[in-house]
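All remarks here apply to the structure that follows.
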Amino acid sequence: MKNKTISVIIPMYNEQEVVKICYNRVKKVLDSISGYDYEIICINDGSKDDTFNILQEISNEDKKLKIISFSRNFGHQPAVSSGLKLSCGDIIIVIDADMQDPPELIIDMLKLYEQGNSVVYAQRTVRKGESKLKTYTAKLFYMLINKISDINIPMDAGDFRLLGRDVVNVINSMPERNKYLRGLYSYAGFKQAPIEYERDKRYAGKTKYTLKKMIKLALDGIISLSTKPLKIVGFLGFTSVVISLCIIIYAILSYIIKADNILSGWTSMILIIVFFGGVQLISLWIISEYIARIYDETKRRPEYIIEKKINL
Ligand code: UDP
Ligand code: MG
């Protein structure tokens, strides 16, 4: 019988300090697993440093190392998406290049796969080398997204996971851009199992997830999974109508019983204008985030552009 194949997908953006160590560690683990063939797919997400050259050098000697090189930086989610699309494995593993996720865990993930799970997601019990702010905002974000969307995204599970071919086929058939993959894995369903691990510090280099990229990811997550924010706009509208009705009643009453001089209400008037102006602008912003994504989808531009493929 033909061996099953494992595809390991590693997105890389300016990771020259870690490419070699990452390749060596992943390869060592894969070599130690018997009964499976494997391929390692590294995606060079428009790196400006030596990442591509180092990868190319290794790929000359090792045909199992395959490279997808983007024409510019498209971001982590598109990089992973391209790996999912071009992988040929029966089992796909997504892992970061910076070795925050220990590749040795793949062996235990595989055991859970063999027990009949289609998705094995790694759940971090400890996050080393990450700021308190990042840990707390991440927690808050997962709580929020689980509250407002119909699907359940496991807490503290990142992109490090094992996926069966069945799930990957589902993801690959989704034509949408601005993907929030963690949400889509949950959306796809199938039998899923967690595996706990301690998330290490970055091996070298700095985080490539800038605040801007993180905010985009969070918004993509919420917007692609839920339309509740749009309903919140309605709620804000109704609340402001109720508040303004109360103010009108108060104004009429104070005019009738002359308890207050309504002409002197400059401060309260400015406050009310600013408050309702704010509510309206926030509502508009929420709606525009959806419109911007609809616009993005209708343009039908590719999610990423591949400049070069090696060994693929
Ligand atoms: N990454 C990428 N494109 C980007 C940003 C990040 O391919 O635009 C890769 C990066 O090289 C790493 C993974 O995504 O392999 C996770 O990024 P990072 O470790 O910087 O994020 P953090 O762990 O700090 O959240
Ligand atoms: Mg990292």
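Side chains included, hydrogens not; waters and symmetry mates left out as well; all remaining heavy atoms used. In each ligand, atom 1 is the first atom listed, and ligand 1 is the first ligand listed.
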Within ligand 1, which atoms have a heavy atom of Met12 less than 4.0 Å away?
7 (O), 11 (O)

Go through the steps to decide whether Leu86 and Ile306 satisfy the test side-chain contact (heavy atoms from CB on, under 4.5 Å), and finish with yes or no.
CA-CA 11 Å; Leu86 294 176; Ile306 297 175; 3.9 Å; yes

Of all the non-hydrogen atoms in the protein, which one sits nearest to atom 4 (C) of ligand 1, and at what distance?
Asp45 OD2, 3.5 Å

Do NZ/NE/NH1/NH2 and the carboxylate oxygens of Asp37 and Lys4 come within less than 4.0 Å?
no

N or O contact, Arg199 vs ligand 1, cut-off under 3.5 Å
yes

Would you check whether Pro11 has a nitrogen or oxygen atom less than 3.5 angstrom from a nitrogen or oxygen atom of ligand 1?
yes

Counting from 1, what ligand 1 atoms have a heavy atom of Ala97 closer than 4.0 Å?
15 (O)

For the Mg ion (ligand 2), does an N/O/S atom of Thr207 lie at less than 2.8 Å?
no

Closest protein heavy atom to atom 14 (O) of ligand 1, given as residue, atom name and distance to 0.1 Å:
His76 CD2, 3.0 Å

Nearest-contact summary for atom 21 (O) of ligand 1 - protein heavy atom, Å
Tyr209 CD1, 3.4 Å

So is Lys213 close enough to ligand 1, meaning a heavy atom under 4.0 angstrom away?
yes

Quick test: of every protein heavy atom, which one is nearest to atom 18 (P) of ligand 1, and how far off is it to 0.1 Å?
Arg202 NH2, 3.6 Å

Does Gln77 come within less than 4.0 angstrom of ligand 1, counting non-hydrogen atoms of the residue?
no

Which atoms from ligand 1 have a heavy atom of Asn73 less than 4.0 Å away?
3 (N), 4 (C), 8 (O)

min-distance protein heavy atom vs atom 11 (O) of ligand 1 -> Glu15 OE2, 2.5 Å

Taking 4.0 angstrom as the limit and counting only heavy atoms of Gln100, give me the atoms of ligand 1 inside it, by number and element.
19 (O), 22 (P), 23 (O)

Are any non-hydrogen side-chain atoms of Lys27 and Asp62 less than 4.5 angstrom apart?
yes

Is the Lys NZ or Arg CZ of Lys139 less than 6.0 Å from the centre of Tyr142's six-membered ring, within 45° of the axis?
no

What protein heavy atom sits nearest atom 20 (O) of ligand 1, and how far off is it?
Lys208 N, 2.5 Å

Test Met12 against every option in Asp98, Val18, Thr51 by the side-chain contact (heavy atoms from CB on, under 4.5 Å) rule and name the one that passes.
Thr51

Please write down residue, atom name and distance for the protein heavy atom closest to atom 19 (O) of ligand 1.
Asp98 OD2, 2.6 Å

Can you tell if the side chain of Phe276 reaches within under 4.5 Å of the side chain of Ile243, non-hydrogen atoms only?
yes

Candidates Ile95, Asn14, Asp96; heavy atom nearest atom 16 (C) of ligand 1 found on Asp96

Do any N/O/S atoms of Asp98 come under 2.8 Å of the Mg ion (ligand 2)?
yes

I'd like to know if Lys111 pairs up with Asp108 as an ion pair, taking the criterion as any Lys NZ or Arg NE/NH1/NH2 lying under 4.0 Å from an Asp or Glu carboxylate oxygen.
yes

Kindly indicate, with the supporting measurements, whether the criterion salt bridge (charged side-chain N to carboxylate O under 4.0 Å, His left out) is fulfilled by Glu289 and Arg293.
CA-CA 6 Å; Glu289 287 291 341; Arg293 279 165 183 77; 2.8 Å; yes

Tell me, which protein residue and heavy-atom name are nearest atom 24 (O) of ligand 1, and how many Å apart are they?
Thr207 OG1, 2.6 Å

Name the orientation class of the two ring planes belonging to Phe70 and Tyr304 (parallel below 30°, tilted from 30 to 60°, perpendicular beyond 60°).
parallel

Using a strict threshold of under 4.0 Å (side-chain N to carboxylate O), is an ion pair present between Asp220 and Lys179?
no

Is the closest side-chain donor-acceptor distance between His76 and Tyr13 under 3.5 Å?
no

Set out, in order, the CA-CA distance, both residues' side-chain angles and the distance that settles side-chain contact (heavy atoms from CB on, under 4.5 Å) for Phe160 and Asp96, then state yes or no.
CA-CA 7 Å; Phe160 180 30; Asp96 283 358; over 6 Å; no

